[in-house]
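Please read the structure below before turning to the comments.
For the single chain, residues carry numbers from 1 onward in sequence order. All ligand and atom numbering here is 1-based and tracks the order in the structure. These figures come from a predicted structure and were not determined experimentally.
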Amino acid sequence: MSNTLDGKVVLVTGASSGIGEATALALSQEGARVAVGARRTDRLATLAEKAPGDVLTLELDVTDQESVRAAIAATVERFGALDVLVNNAGIMLTGPILGADTAEWTRMVETNLLGSMYTVHAALPHLLASRGAVVQISSTSGRTASAGGGVYAATKFGINAFSESLRQELTANGLRVVVIEPGFVATELASHITDSMMQAAAQQMASSMRTLEPEDIAAAVCYAIAQPDHVAVNEILVRPTDQTH
Ligand code: NDP
């Protein structure tokens, strides 16, 4: 029996940990040929060893347009096409607006928003050639903002806005745009928060509920892109059952 994603070429950004890593592994298990990008290439090498299929590891910094263009080019050179971009790389440096270290705002906007837009821009000619798909890893923070999460939410609202424009511009050309909005997933994302109150709040949240696992989001990605070409799953919101807000 053939796997659902047999032969599809998928690039996953931010694949060195968490959701990106789990997604790359799940895609490989479903028969996709997977290119994985991130800055920590040692972790990508370990992932490639674990994956059952063909995996290309790429040193990638999504804030650097040259690096993004090189990663797309290397993927197409190796596999001959690009069918799906999973735009996942992101950071979450939450904290109150008053007195914030604005360097953290710059890093979030450059990584989560500009980085994801650069990657779509560079991948589009190939995705159109294959009538492929873009999977945008947004967040519940792309739907509702909360105290301490203003800038992170702004980047995710931005991703949702960009995705809807992209969909309207190119769905008639066969491009499918999928926005995935996870609630709390157990990954290292919150461990990089520098604000001690927000760090403690994230830890408290994690211990107060059955969180999602990265594999739960990987399953949503696989579901969306395994649909037939005429079915565009444009939005998936996945929260832990125990998450109220
Ligand atoms: P992780 O911290 O485990 O993964 C983040 C990934 O992004 C890492 O692989 C990291 O790799 C990569 N990354 C960060 N900066 C860059 C960069 N400049 N260039 C390339 N890659 C980069 O967190 P998650 O798996 O949780 O996060 C993945 C996505 O899911 C993010 O967009 C996040 O906002 C989103 N999300 C997560 C939720 C959660 O609760 N965990 C909830 C909703 C959305 P490296 O450092 O090696 O470059």
Side-chain angles (χ1 to χ4, degrees), residues 11-26 35-47 57-72 85-94 104 106-119 122 135-146 149 151-160 162-163 178-193 198 201-203 205-206 208-218 220-221 235-240 242-243 245:
L11 169 62
V12 183
T13 70
S16 59
S17 60
I19 294 168
E21 180 184 16
T23 300
L25 275 174
V36 290
R39 295 166 301 176
R40 290 171 296 176
T41 50
D42 52 330
R43 297 183 63 150
L44 298 177
T46 308
L47 161 62
T57 61
L58 300 162
E59 183 169 3
L60 169 66
D61 180 345
V62 296
T63 67
D64 173 355
Q65 295 192 59
E66 274 304 311
S67 172
V68 169
R69 283 194 284 265
I72 303 283
L85 166 65
V86 181
N87 222 350
N88 164 76
I91 53 175
M92 183 181 74
L93 305 170
T94 42
E104 294 196 339
T106 306
R107 279 184 62 204
M108 275 191 285
V109 171
E110 286 184 348
T111 307
N112 302 4
L113 187 53
L114 277 171
S116 108
M117 297 193 305
Y118 295 150
T119 313
V135 180
Q136 304 275 62
I137 305 298
S138 180
S139 170
T140 48
S141 300
R143 298 167 66 102
T144 346
S146 56
V151 179
Y152 179 70
T155 67
K156 296 297 186 177
F157 270 71
I159 287 173
N160 288 19
F162 182 83
S163 302
V178 182
V179 176
I180 301 202
E181 297 157 329
F184 199 104
V185 187
T187 70
E188 65 177 64
L189 188 74
S191 69
H192 304 293
I193 297 170
M198 294 304 291
Q203 283 175 19
M205 201 166 168
S208 71
M209 69 167 88
R210 294 166 297 163
T211 62
L212 296 173
E213 295 299 325
E215 292 74 17
D216 299 321
I217 304 306
V221 175
E235 191 173 11
I236 304 182
L237 169 63
V238 191
R239 291 193 191 92
D242 296 341
Q243 184 175 345
H245 300 293

Any non-hydrogen side-chain atom of Leu113 less than 4.5 Å from a side-chain atom of Ile159? yes
When you measure from the side chain of Gln243 to the backbone N and O of His245, does any donor-acceptor pair fall under 3.5 Å? yes
May I ask you to test the Leu114-Gln65 pair for a side-chain heavy-atom distance under 4.5 Å? no
Heavy-atom proximity to atom 23 (O) of ligand 1, picking from Asn88, Asp64, Thr187, points to Thr187
Who's closest to atom 40 (O) of ligand 1 heavy-atom-wise, of Ile137, Leu189, Val185? Val185
Check for a donor-acceptor pair, side chain of Asn88 on one end and backbone N or O of Gly14 on the other, with a separation under 3.5 Å. yes
Proximal atoms of ligand 1 relative to Gly18 (non-hydrogen, under 4.0 Å): 3 (O), 25 (O)
May I ask whether Arg43 places a heavy atom under 4.0 Å from ligand 1? no
For atom 42 (C) of ligand 1, what's the nearest protein heavy-atom neighbour? Residue, atom name and distance, please. Gly183 O, 3.1 Å
Nearest to atom 25 (O) of ligand 1, what protein heavy atom do you find, and at what distance? Ile19 N, 2.8 Å
Residue pair Leu25 / Leu47, side-chain heavy-atom distance below 4.5 Å: yes
Looking at Glu59 and Arg43, is there a salt bridge between them, counting it only when a charged N and a carboxylate O are closer than 4.0 Å? no
Taking a cutoff of less than 4.0 Å between a non-hydrogen atom of the residue and any ligand atom, is Pro214 in contact with ligand 1? no
When distances are taken from atom 7 (O) of ligand 1, the protein heavy atom at minimum range is Gly90 N, 3.4 Å
Before accepting this row, confirm whether a basic side-chain N of the pair Glu66/Arg69 lies closer than 4.0 Å to the acidic partner's carboxylate O. yes
Determine whether a donor-acceptor pair (N or O, by modelled atom type, separation under 3.5 Å) exists between the side chain of Ser67 and the backbone of Thr63. no
Pull out every atom of ligand 1 sitting under 4.0 Å from any heavy atom of Pro182, numbered as shown with elements. 42 (C), 43 (C), 44 (C)
Of Ala202, Ser17, Gly14, the one whose closest heavy atom lies nearest atom 3 (O) of ligand 1 is Ser17
Heavy atom of the protein closest to atom 22 (C) of ligand 1 (residue, atom name, distance): Ala89 CB, 3.7 Å
Does a salt bridge link Asp61 with Arg39, judged by any charged N lying under 4.0 Å from a carboxylate O? no
For Met92 and ligand 1, answer yes if some heavy atom of the residue is under 4.0 Å from a ligand atom, otherwise no. no
Please could you name the atoms of ligand 1 that Arg40 approaches to less than 4.0 Å, counting only its heavy atoms? 8 (C), 10 (C), 11 (O), 45 (P), 46 (O), 47 (O)
Name the closest protein heavy atom to atom 11 (O) of ligand 1, giving the residue it belongs to and the distance to 0.1 Å. Ser16 OG, 2.8 Å
In the structure I gave you, are the side-chain heavy atoms of Leu85 and Thr13 within less than 4.5 Å of one another anywhere? yes
Determine whether any heavy atom of Ser67 lies closer than 4.0 Å to an atom of ligand 1. no
Run the numbers for me: atoms of ligand 1, each under 4.0 Å from some heavy atom of Phe184, listed by number. 40 (O)
Under 4.0 Å, heavy-atom basis, I'd like to know which part of Thr111 is in contact with ligand 1: side chain, backbone, both or neither. side chain
Under a 3.5 Å distance rule, please check whether Asn87 uses its side chain to pair with a backbone N or O of Val135 as donor and acceptor. no
I'd like to know if the side chain of Lys156 reaches the main chain of Thr144, judged simply by a donor and an acceptor atom lying under 3.5 Å from each other, with no hydrogens or angles considered. no
Side chains of Tyr152 and Leu189 in contact at under 4.5 Å (non-hydrogen atoms): yes
Should you measure from each heavy atom of Asp61, which atoms of ligand 1 turn up under 4.0 Å away? 17 (C), 18 (N), 19 (N)
Is Glu21 paired with Arg40 through a side-chain N to carboxylate O contact shorter than 4.0 Å? no
Part of Ser138 within contact of ligand 1 (heavy atoms, under 4.0 Å): backbone
Nearest protein heavy atom with distance in Å, relative to atom 34 (O) of ligand 1: Tyr152 OH, 2.6 Å
May I ask you to identify, for Ala186, whether its side chain, its backbone, both or neither come under 4.0 Å of ligand 1 on a heavy-atom basis? neither
Can Ser191 be said to touch ligand 1, with heavy atoms closer than 4.0 Å? no
Answer side chain, backbone, both or neither: which part of Glu21 comes under 4.0 Å from ligand 1, heavy atoms only. neither
Which of the numbered atoms in ligand 1 are under 4.0 angstrom from any heavy atom belonging to Ala15? 9 (O)
Judged by atom type as modelled, is there a donor-acceptor pair below 3.5 Å linking the side chain of Asn112 to the main-chain atoms of Val109? no
Among all protein heavy atoms in this structure, tell me which lies nearest to atom 15 (N) of ligand 1, with the distance rounded to 0.1 Å. Arg39 NH2, 3.2 Å
Within the 4.5 Å heavy-atom criterion, are Leu237 and Arg143 side-chain neighbours or not? yes
What atoms of ligand 1 come within less than 4.0 Å of a heavy atom belonging to Leu60? 19 (N), 20 (C)
Ranked by distance from atom 19 (N) of ligand 1, the top protein heavy atom is Val62 N, 2.9 Å
